[in-house]
Amino acid sequence: MAPKVFVAQPIPVPALDRLREYADVEVFPFEHREVSVAELESAARRSDYIFCMHITPITASIVAANPNLKGFGVSAPRTDVQDLAACDAAGIPLLVAKPTPQPPPDAGGAEFPWQEYALNPRCTADLMVGHILNLAYRVVEADRFCRGTGYFQEQSMSFMGQGCTGKTVSLYGLGRVARHAVKRLRALDMNVLYTKRTRLSSEEEEELGVEWMEDKDELIALGDYVCMLANFEEANYKIFGAREFALMKPSAYFINVARGRLVEEDALIDALEKGTIAGAGLDVFITEPPLVYDSYIPEALREMDNVVLTPHNGGATHDGRRTGTLAVANAIVDDIIVRGGERLRAA
Amino acid sequence: VRPKIFVCQPIPPVAIDRMRQFAEVEIFPFSHRAISIAELESAARRSDYLFCMHETPITASIVAANPNLRGFGISHPYPGIVDADAAAAAGIPLLMKPRSPEEQRANRRHDTSDLMVALILNLAYRVLDADRYCRGSGYFQEMTMDLMGLGCFDRTVSLYGFGKVARGAVKTLRGLDMKLLYNKRTRLDESEEEELGIEWVADTDELIARGDYVCILANFEDVNYKLIGAREFALMKPSAFFINVARGRLVDEDALIDALEKGTIAGAGLDVFWHEPPVVVDPYIPEALRKMTNVVLTPHNGNATYETRGRATLEIADAIIDDIVRRASLEMPLR
């Protein structure tokens, strides 16, 4: 009998096709909410494998629901959402996706084989540049305006923005996402300042075209677009708060595609409401799944005209999510093959 | 007595501040509509100068309303908008002060190009969809598959036309690792193509068919009227997006709406429309477009940065100020 895989949320077709070569596949059908623990327990009872996304919980109760489960397919072990001890005790393996290599630092051009590499940081960088351009040219506001009254003065002064040319981007942190973004920001003729725990070598700074700021306060004060890109770790919890927003130019925008918990969200809302800063582009929020199951983007943000909101969607290209989900599917398929499973359908 | 300048629409403070050093300035206060001819006639009667934007009409009736007007500050005598003969007959000068090519080069910006890239990124990452979604139910699945987009790298941009705007976008699009195809009346040198990193496609049908993002950038002239219509949209990939930051009249707008409604193409980013001022004074973006979630609409806003509009309005302000200073030096009386 063909093994049965339960997929914990809708995923791109290529990963499903891969699974269906070796298994019968059931997909949790809803996109407006997460699968619940009760639903996962029930799914475990009628399945051989569970395909988990990054934040799908693996609890002792799910493990207990079917101790004969053959494995959980995961992209990476995560102690905050997965009870690894319970899996171990029951002898159910975590089938971990083979890590996709990061593109080399000099990757570039349309001819580069992007599909062979991890795409999440690159896509997130593009989304960040998208946020900056959106704010610089007030595209979201302009769109709303066009859909409303539909009339605008030729050469209207209503939607003037500050644009990109010659403006300064302050990168608070310079990891993978920031590095990918730098090339695109430089192409827009923007000045790029950065801070980082460990300063880059001066050759590397020159090659990237970025300028080091010793003093973080100065970095914040000089930026027309201040981008939060620090690693999320305990020490960085709410590192950007009321004090930092007060340092920003009132004409400057705040962009966060990193993690919501790096920022004091109430202070951000306050700064936006009081006009301490001009606006924000936000892909991440202080409460996100798996911590919450209800609506969680603050009402105050959702009512503002000068913010652009995206739902932690940095990696959400068809290519990027295909690569990520295929890697998990392959981990499950490999296990099916090892256990002597037969190919049911052609690819 | 200081001369009086009437400014025909709200403009950036930088130009107003400069004029106020030399004159009394009155500003038409509304931005939700264009000034009417009756209002311009009335303003002419109580003013010495009219500060006109690109689309402000200068008619014989406005000239007749005050034959003692000292000048119209304009950026360019657009035919069909500026009745230059009527102004000349009344001896009212059209005051212009275009920047020298050197100054223009020194201050080169790529605002319209940037806006085009912004529209591409918006469509590629479905930013507007995502924003609307966030403002709505407010819940989304972590790693949601709801809002996946086409992305940029590996994708092909087809530039139908290759003037200033296209040229200004090349560096950014290349920076996004996109493949660039183009067509132009006269092909560039091969060395220039190579330097820019763009590939010539002789057949415009092929150009349209290969693009993931098809950008119309042709000059607006009679021969290019409705250059893109139902036939061309049918050539596009169904997954491809159409982008227009050039002129609405290059495109058969009904055919575009039809292609969007039928799913012939995936979506569009539009900064320009078939009907725009001064042709119309009522709402004019078609209702059908305003209801679609796969389009991004901006109000002919390609040069709408403080710098660019500030500089454009300063040119007109300086033309008027030069005339004020010249007349003062000649001790020419007001009215």
Side-chain angles (χ1 to χ4, degrees), chain A residues 9-12 31-34 53-55 108-110 112 114 123 126-127 129-130 133-134 137 139-140 142-143 145-147 149-165 183-184 187-188 288-289 294-297 302 308-313 316-319 321, chain B residues 9-12 31-34 53-55 109-111 114-115 117-118 121-122 125 127-128 130-131 133-135 137-154 171-172 175-179 276-277 282-285 290 296-299 301 304-307 309:
Chain A
Q9 73 172 52
I11 60 170
E31 290 186 318
H32 69 285
R33 64 174 179 84
E34 302 294 337
M53 288 299 289
H54 298 8
I55 52 110
F112 182 79
W114 290 102
C123 294
D126 282 1
L127 181 66
V129 176
L133 276 165
N134 252 306
Y137 291 90
V139 177
V140 172
D143 177 82
F145 175 76
C146 287
R147 288 172 197 272
T149 66
Y151 183 81
F152 51 83
Q153 224 162 32
E154 173 82 14
Q155 298 284 313
S156 174
M157 302 292 146
S158 292
F159 285 93
M160 291 199 297
Q162 62 176 1
C164 292
T165 314
K183 185 175 162 196
R184 284 89 221 173
L188 286 163
E288 287 189 30
D294 285 328
S295 299
Y296 54 86
I297 299 179
R302 287 154 67 188
V308 179
L309 308 171
T310 53
H312 203 143
N313 229 26
T317 59
H318 290 279
D319 292 338
R321 293 249 157 111
Chain B
Q9 73 174 53
I11 60 170
S31 55
H32 69 286
R33 65 175 178 86
M53 286 300 289
H54 299 11
E55 306 290 348
R109 295 177 56 87
H110 302 299
D111 291 324
D114 285 359
L115 181 66
V117 177
L121 275 167
N122 244 304
Y125 288 88
V127 176
L128 260 161
D131 180 79
Y133 177 79
C134 289
R135 288 172 198 270
S137 73
Y139 184 80
F140 54 83
Q141 221 161 32
E142 173 86 12
M143 305 297 286
T144 183
M145 304 290 147
D146 255 358
L147 293 165
M148 291 194 299
L150 205 54
C152 288
F153 47 86
D154 281 1
K171 189 160 60 138
T172 318
L176 287 162
D177 300 315
M178 303 180 88
K179 187 177 177 66
E276 288 189 29
D282 284 329
Y284 53 86
I285 299 179
R290 287 153 67 189
V296 182
L297 308 172
T298 53
N301 231 25
T305 57
Y306 293 101
E307 278 82 351
R309 290 237 165 122

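Order of the sequence lines sets the chain letters (A, B, ...), proteins ahead of strands, with each chain counted from 1. Keep in mind the model is a prediction, meaning the values are calculated, not measured.
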Within this structure, what is the CZ-OG distance for the pair A/Phe159 and B/Ser31, rounded to the nearest 0.5 Å? 9.0 Å

Measure B/Leu297 against the heavy atoms of chain A and call it side chain, backbone, both or neither at under 4.5 Å. both

Please determine whether side chain to side chain contact (heavy atoms under 4.5 Å, CB included) holds for the pair A/Leu188 and B/Asp114, giving the CA-CA distance in whole Å, both sets of side-chain angles, and the decisive distance to 0.1 Å. CA-CA 8 Å; A/Leu188 286 163; B/Asp114 285 359; 3.5 Å; yes

Minimum heavy-atom separation for A/Ala110 and B/Asp154, please, with both atom names. O-OD1, 3.4 Å

Measuring from atom NE2 of A/His318 to atom CE of B/Met148, what distance do you get when rounded to the nearest 0.5 angstrom? 5.0 Å

Under 4.5 Å from any heavy atom of chain A - which part of B/Met53: side chain

Roughly how far, to the nearest 0.5 Å, is CG of B/Leu147 from CZ of A/Arg321? 9.0 Å

Please assess B/Met145 against A/Met53 for the test side chain to side chain contact (heavy atoms under 4.5 Å, CB included), listing each intermediate value before the final yes or no. CA-CA 11 Å; B/Met145 304 290 147; A/Met53 288 299 289; 3.8 Å; yes

B/Thr298: partners by side-chain hydrogen bond (donor to acceptor under 3.5 Å, both in side chains), with sequence neighbours left out: B/Asp271

Where do A/Val140 and B/Val296 land on the side chain to side chain contact (heavy atoms under 4.5 Å, CB included) test, with the steps shown first? CA-CA 8 Å; A/Val140 172; B/Val296 182; over 6 Å; no

Under a 4.5 Å cutoff for heavy-atom pairs, which residue among A/Asp143, A/Asn313, A/Ile11, A/Val308 has the most contacts with chain B? A/Asp143

Based on non-hydrogen pairs under 4.5 Å, which of A/Ala142, A/Ser158, A/Gly109 is most in contact with chain B? A/Gly109

Rounded to the nearest 0.5 angstrom, the CG-CZ distance for B/Asp131 and A/Arg302 is 11.0 Å

Which of the residues B/Glu307, B/Lys179, B/Lys171 is involved in the greatest number of heavy-atom pairs with chain A at under 4.5 angstrom? B/Lys171

Shortest non-hydrogen contact from B/Arg109 to A/Gln162? NH2-O, 3.9 Å

So, using side-chain hydrogen bond (donor to acceptor under 3.5 Å, both in side chains) as the criterion, who are the partners of A/Arg184 when residues are at least two apart? B/Asp177

Flag the one option from B/Gly149, B/Gly175, B/Ala130 with the top tally of heavy-atom pairs under 4.5 Å to chain A. B/Gly149

With respect to A/Tyr137, which candidate in B/Thr305, B/Asn301, B/Asn122, B/Asp111 satisfies the side chain to side chain donor-acceptor pair (under 3.5 Å) definition? B/Asp111

Establish, from distance only, whether the side-chain atoms of B/Tyr125 and A/Asp126 form a donor-acceptor pair under 3.5 Å. yes

Using atom types as modelled and distance alone, determine if a side-chain donor or acceptor of A/Asp319 lies under 3.5 Å from a backbone N or O of B/Gly151. no

